[in-house]
Amino acid sequence: MNTREKFSAGLLCLGLILALLPDPANRSLTVKPQKLLNEVLNGKTSYSVDQVAGFIVSGDSSVLIIDLRTPEEFRNLNIPGSVNVPYNVLLNNDPAIYLNNDKTNIIFYSNGDFDSDYALAIARGMDYKNTFVMKGGLNEWFNTVMNSRFTGTRISARENALFETRTKAGKMFTAINSLPDSLKLKFIRSKLTAAKKLDGGCE
Amino acid sequence: MEIMNRYKVIIAVVLPVLILVLFRSFGTNHFKNDFRKWAEPSLTRTNIITIEQAPSLTGNRLLICLDTNVIGLTSLAQESQNVPPDSILTKKYFNIIRKHSGPVLLYSSGNDVSGRIWMVLSQMGCTNIYILTSNTDNEVFKNKFRPDTLI
């Protein structure tokens with residue numbers, strides 16, 4: 001085989017390999033199935049609504065909360081600081097657009113469990129280890145955080161801290177969702193500024 | 001034979017690639033290409049079925065109980081199998097599901113387990129799989145928000 005033939009054959013091989021490669025737009029999940037199964041079944045992929053309430057109250061910037069519901073549902077009600085990426089949008093676009101940030105823990109929520117669990121399985125299947133769900137969704141948020149009432153006579157320090165976090169998160173939720181859309185973003189920023197002033201200390 | 005000798009370098013390169021691609025395409029122990037296509041029923045919610053709707057599914061129904069001691073559900077299907085969730089991809093159970101000719105109903109007391117397993121199985125190319133629930137309104141907002149009118 002002379003050089004020209006070798007070169008032609010090399011190009012042919014390259015073309016064949018490229019033709020056989022799957023279309024990146026139609027990609028599949030990349031992790032091993034059993035690994036994915038183990039990941040999605042272990043409890044470490046779920047946050048409780050109390051944990052999420054804690055992130056919101058503390059203004060934890062290492063957490064990104066993604067609301068998987070429709071834009072209409074999001075406009076009506078949303079968890080403070082969350083961003084809206086409807087489940088169908090997440091599926092129909094490249095999930096990397098929303099998930100490719102390994103410095104942030106991404107928490108999915110929807111009204112219930114299903115949509116966030118599907119999103120979690122897909123995201124973890126694409127090896128986004130920083131993805132989690134808020135267990136129970138917005139319905140559980142209401143049951144636990146918004147409808148939190150203390151009825152006993154004695155309260156332990158731990159219960160008190162939990163109750164306080166729920167109350168603060170509930171107030172933030174009520175405040176932000178009572179505002180018109182145009183004012184919601186301004187409200188979040190003003191809250192963060194106020195919190196910084198209260199904390200005091202050196203800049 | 002002369003052609004084989006002449007193009008042995010090319011064959012040596014192309015053949016393993018071809019084998020790998022074929023293995024990837026037709027192997028059952030992998031996720032299928034185009035995750036969107038396999039997740040489609042989750043968008044339309046046609047993958048969720050209630051206990052009342054289950055008998056209307058035609059074909060030989062197989063109930064996969066992901067919790068032990070599920071009482072009263074076995075009558076919904078002609079066949080039933082208790083499967084620990086973390087063992088569902090073992091050859092024994094996965095082949096039962098994959099080779100079953102009728103609808104497969106996944107049941108767990110917590111919807112999160114059946115929902116996540118549904119997605120894993122679907123992405124592996126299993127079709128005709130349903131999540132069996134007591135109601136279909138899991139993704140419906142069930143509370144009433146009272147805005148603060150003083151803000």
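Just so we're on the same page: letters track the sequence lines, and every chain starts at 1.
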Item to check | Contacting moiety of S122(B), where chain A heavy atoms sit under 4.5 Å | outcome: neither
Checklist entry - Any side-chain heavy atom of P33(A) sitting closer than 4.5 Å to one from F94(B)? => result no
Next on the checklist: Could you walk me through whether F114(A) and W118(B) satisfy the ring pair (Phe, Tyr, Trp, His ring centres under 6.0 Å) test, starting with their C-alpha distance in whole Å, then the side-chain angles of each, then the deciding distance to 0.1 Å, before giving a yes or no?
Outcome noted: CA-CA 10 Å; F114(A) 284 130; W118(B) 180 88; 9.4 Å; no
Checklist entry - Can you say whether Q123(B) sits under 4.5 Å from chain A via the side chain, the backbone, both, or neither, judging by heavy atoms? => result side chain
Checklist entry - Going by an N to O cut-off under 4.0 Å, is there a salt bridge joining D115(A) and R45(B)? => result yes
Checklist entry - So how far is it from M146(A) CE to K144(B) NZ, rounded to the nearest 0.5 Å? => result 13.5 Å
Checklist entry - What part of L91(A) lies closer than 4.5 angstrom to a heavy atom of chain B: side chain, backbone, both or neither? => result both
Item to check | Minimum heavy-atom distance V120(B)-V40(A), with the two atoms named | outcome: CG2-CG2, 4.4 Å
Checklist entry - Is there a side-chain contact between L41(A) and I117(B) (heavy atoms, below 4.5 Å)? => result yes
Checklist entry - Can you tell me how far CG of N47(B) sits from OH of Y118(A), rounded to the nearest 0.5 angstrom? => result 3.5 Å
Next on the checklist: Using heavy-atom distances under 4.5 Å, tell me whether W38(B) contacts chain A through its side chain, its backbone, both, or neither.
Outcome noted: neither
Checklist entry - Is it true that a side-chain atom of S178(A) and a backbone atom of P147(B) form a donor plus acceptor pair closer than 3.5 Å? => result no
Item to check | Close side-chain approach of D113(A) to N138(B), heavy-atom, < 4.5 Å | outcome: yes
Item to check | Heavy-atom pairs under 4.5 Å with chain A, option from G110(B), S42(B), P85(B), S114(B) with the top count | outcome: S42(B)
Item to check | Which atoms of P95(A) approach chain B - backbone, side chain, both or neither, heavy atom under 4.5 Å | outcome: side chain
Checklist outcome for this item: When the 4.5 angstrom heavy-atom criterion is applied to N5(B) and chain A, the contacting part is neither
Item to check | Heavy-atom side-chain contact between S28(A) and F35(B) under 4.5 Å | outcome: no
Checklist entry - Roughly how far, to the nearest 0.5 Å, is CG of N177(A) from CZ of R146(B)? => result 14.5 Å
Checklist outcome for this item: Comparing N76(A), V31(A), I122(A) against chain B, the one with the most heavy-atom pairs below 4.5 Å turns out to be I122(A)
Checklist entry - Between CG of N139(A) and CZ of F141(B), what distance do you get to the nearest 0.5 Å? => result 6.0 Å
Checklist entry - If you measure from NE2 on H30(B) to OG1 on T30(A), what distance do you get to the nearest 0.5 Å? => result 13.5 Å
Next on the checklist: Could you report the tightest heavy-atom contact between K135(A) and D112(B), atom names first, then the distance?
Outcome noted: NZ-OD2, 2.7 Å
Checklist entry - Given a strict heavy-atom distance threshold of 4.5 Å, which part of K32(A) is in contact with chain B: side chain, backbone, both, or neither? => result backbone
Checklist entry - Rounded to the nearest 0.5 Å, what separation is found between the NZ atom of K142(B) and the CG atom of L138(A)? => result 12.0 Å
Checklist entry - Heavy-atom distance under 4.5 Å between the side chains of N143(B) and N147(A), does that happen here? => result yes
Next on the checklist: If I compare all heavy atoms of Q34(A) with all of L89(B), which pair ends up nearest, and what's the gap?
Outcome noted: OE1-CB, 3.5 Å
Item to check | Pairs of heavy atoms under 4.5 Å with chain B: top-ranked of N92(A), V133(A), N38(A), N143(A) | outcome: N92(A)
Next on the checklist: Whether the T45(A) and R116(B) side chains hold a donor-acceptor pair (N or O, under 3.5 Å, no angle test) is what I'd like checked.
Outcome noted: yes
